[in-house]
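Before any comments, here is the structure.
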Amino acid sequence: MESFESDDGHVIVRLDRGDMALESIERACEDHGVDTGAVVTGIGTFSTLNVHYVDRTDLPDEQGDRNVDLELDGAWEVTDINGVIADGEPHLHVTAFDGDRTVGGHLEAGCEVNVLGEITIRKIDGLSLERRPGERNVSQLTRR
C-alpha cells in the first residue's frame with residue numbers, strides 16, 4: 001500500500017496484491033490525518049470479499065441478530081467502494097462481481113487485494129463528525 005496527498009486534500013491510495021483493503025484505508029486516514037472525509041471512489045480486485053448486510057426490517061436491538069455476514073473467496077472485480085469517514089473511522093460499502101453474481105454490502109476487514117486497488121479519499125475541513133448509537137442501536141452521524 002502506498003498513499004499520496006494532493007494540495008487540495010485528496011488522498012489517493014494504491015493497494016497492491018496481498019494488501020487488506022479496509023485496513024489500508026484506515027492506515028491512510030491515520031497517515032494523512034483524515035478525521036472527517038469521504039471515500040469518493042474505489043476500484044480493484046479482491047481474492048477475499050468480506051461484507052455484511054441487513055436482511056430484515058424489524059431491526060432487533062442486537063446488531064448481530066440483524067446482519068448477514070458473507071466471507072467469499074474467488075476473483076472479485078470491485079466496481080465501487082464509497083462511504084463516510086467520521087472521527088477517523090470509515091463506514092464503507094462495496095459492490096463486487098465474480099462473473100456470476102454481484103454482491104454488495106458493508107466492507108469488512110480481511111478483504112485481500114488480488115491484483116490492485118485504487119481508492120480516492122476526500123478530506124472535509126471545517127466539519128467534525130462522529131457516530132453515536134441512535135434508535136435501535138443504529139450508528140448515526142452527529143457533530144462533534
Side-chain angles (χ1 to χ4, degrees), residues 1-56 59 62-144:
M1 184 278 273
E2 191 167 354
S3 57
F4 316 90
E5 186 171 350
S6 70
D7 292 340
D8 66 348
H10 286 84
V11 176
I12 306 295
V13 182
R14 186 195 75 219
L15 303 175
D16 301 312
R17 184 175 177 88
D19 286 341
M20 297 297 166
L22 180 59
E23 295 87 335
S24 295
I25 293 167
E26 290 170 337
R27 190 171 113 212
C29 287
E30 185 177 317
D31 290 351
H32 295 276
V34 180
D35 180 69
T36 300
V39 171
V40 295
T41 185
I43 56 95
T45 61
F46 292 167
S47 58
T48 306
L49 178 64
N50 296 333
V51 299
H52 83 259
Y53 65 93
V54 176
D55 74 335
R56 39 192 317 170
L59 292 187
E62 285 298 315
Q63 289 196 13
D65 293 338
R66 59 184 170 211
N67 293 335
V68 173
D69 297 312
L70 298 176
E71 296 180 5
L72 306 167
D73 292 326
W76 291 93
E77 187 69 24
V78 176
T79 60
D80 193 35
I81 299 172
N82 62 64
V84 174
I85 300 160
D87 199 16
E89 295 182 29
H91 175 193
L92 306 177
H93 284 230
V94 59
T95 306
F97 179 68
D98 74 350
D100 292 319
R101 62 185 169 161
T102 301
V103 174
H106 180 96
L107 182 69
E108 293 290 347
C111 293
E112 186 173 350
V113 173
N114 184 23
V115 178
L116 64 83
E118 297 173 347
I119 311 295
T120 304
I121 300 169
R122 176 68 173 123
K123 289 183 184 181
I124 299 173
D125 295 324
L127 178 64
S128 293
L129 298 175
E130 65 182 356
R131 290 183 183 84
R132 292 188 188 154
E135 183 180 340
R136 301 231 183 241
N137 203 25
V138 174
S139 181
Q140 297 179 326
L141 288 172
T142 60
R143 279 190 183 269
R144 238 182 324 140

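The residues of the chain are indexed from 1 along the displayed sequence. In this text the structure is predicted, and so the values were computed from the model without any measurement.
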Given 3.5 Å as the limit, does a donor-acceptor pair link the side chain of Asp55 with the main chain of Val68, or not? no

Under the side-chain hydrogen bond (donor to acceptor under 3.5 Å, both in side chains) test, residues paired with Asp80 that sit two or more places apart: Asn82

Quick one: do Trp76 and Val103 satisfy side-chain contact (heavy atoms from CB on, under 4.5 Å)? Show the steps, please. CA-CA 9 Å; Trp76 291 93; Val103 174; 3.7 Å; yes

CD1-CD distance between Ile25 and Glu89, expressed to the nearest 0.5 angstrom: 14.0 Å

Between Asp73 and Thr48 (side chain of the first, backbone of the second, donor and acceptor by atom type, cut-off under 3.5 Å), is there such a pair? no

Do you know which two heavy atoms are closest between Gly42 and Ile119, and how far apart they sit? CA-CD1, 3.8 Å

Contacts of type salt bridge (Lys or Arg N to Asp or Glu O under 4.0 Å), residue Glu118, not counting sequence neighbours: none

Step by step, work out the side-chain contact (heavy atoms from CB on, under 4.5 Å) result for His10 and Thr120. CA-CA 7 Å; His10 286 84; Thr120 304; 4.1 Å; yes

Check against side-chain contact (heavy atoms from CB on, under 4.5 Å), Leu129 and Thr142: CA-CA 6 Å; Leu129 298 175; Thr142 60; over 6 Å; no

Taking only residues at least two apart or on different chains, which pairs with a member in residues 98-141 satisfy ring pair (Phe, Tyr, Trp, His ring centres under 6.0 Å)? His52-His106, His91-His106, His93-His106

Hey, are the side chains of Cys29 and Ile121 touching, using non-hydrogen atoms and a 4.5 Å cut-off? yes

Is there a salt bridge (charged side-chain N to carboxylate O under 4.0 Å, His left out) between Asp87 and Arg131 once you walk through the steps? CA-CA 8 Å; Asp87 199 16; Arg131 290 183 183 84; over 6 Å; no

Looking at Glu2, I want to see if its CD is surrounded by more than 12 non-hydrogen atoms of other residues, nucleotides or ligands under 6.0 Å. yes

Rounded to the nearest 0.5 Å, what's the gap from NE2 on His32 to CZ on Arg27? Could you check? 9.0 Å

Go through it in stages, so that I can follow the logic: the residues are Glu5 and Lys123, the test is salt bridge (charged side-chain N to carboxylate O under 4.0 Å, His left out), and I'd like the CA-CA distance, side-chain angles, deciding distance and then a yes or no. CA-CA 10 Å; Glu5 186 171 350; Lys123 289 183 184 181; 2.8 Å; yes

What distance do Ser6 atom OG and Ile12 atom CD1 have between them, rounded to the nearest 0.5 Å? 7.5 Å

Hey, could you give me the CZ/OG distance between Arg143 and Ser128, rounded to the nearest 0.5 Å? 8.5 Å

Would you mind reporting whether Asn50 and Leu70 have side-chain heavy atoms less than 4.5 Å apart? no

Backbone of Ala21 reached by a side-chain donor or acceptor of Asp19 within 3.5 Å: no

When you measure from the side chain of Thr36 to the backbone N and O of Ile124, does any donor-acceptor pair fall under 3.5 Å? no

What distance separates Asp31 CG from Glu26 CD, expressed to the nearest 0.5 Å? 12.0 Å

Considering all heavy atoms, the nearest Thr79-Ile43 contact: O-CG2, 4.0 Å

Taking the side chain from Ser24 and the backbone from Met1, do they hold a donor-acceptor pair closer than 3.5 Å? no

Closest heavy-atom pair and its distance - Ala28, Ser3: CB-CB, 4.3 Å

Shortest non-hydrogen contact from Leu22 to Ala109? CD2-N, 3.7 Å

Evaluate the side-chain contact (heavy atoms from CB on, under 4.5 Å) criterion for residues Leu116 and Asp16: first the C-alpha distance (whole Å), next the side-chain angles of each, then the deciding distance (0.1 Å), finally the verdict. CA-CA 5 Å; Leu116 64 83; Asp16 301 312; over 6 Å; no

Are any non-hydrogen side-chain atoms of Ile85 and Val39 less than 4.5 angstrom apart? yes

Under a 3.5 Å distance rule, please check whether Glu130 uses its side chain to pair with a backbone N or O of Ala86 as donor and acceptor. no

Val51 versus Gly104, closest heavy-atom pair with distance: CG2-O, 4.5 Å

How close do Asn114 and Phe46 get, heavy atom to heavy atom, and via which atoms? CB-C, 3.6 Å

When rounded to the nearest 0.5 angstrom, what distance separates CD in Glu71 from CG in Asp69? 7.0 Å

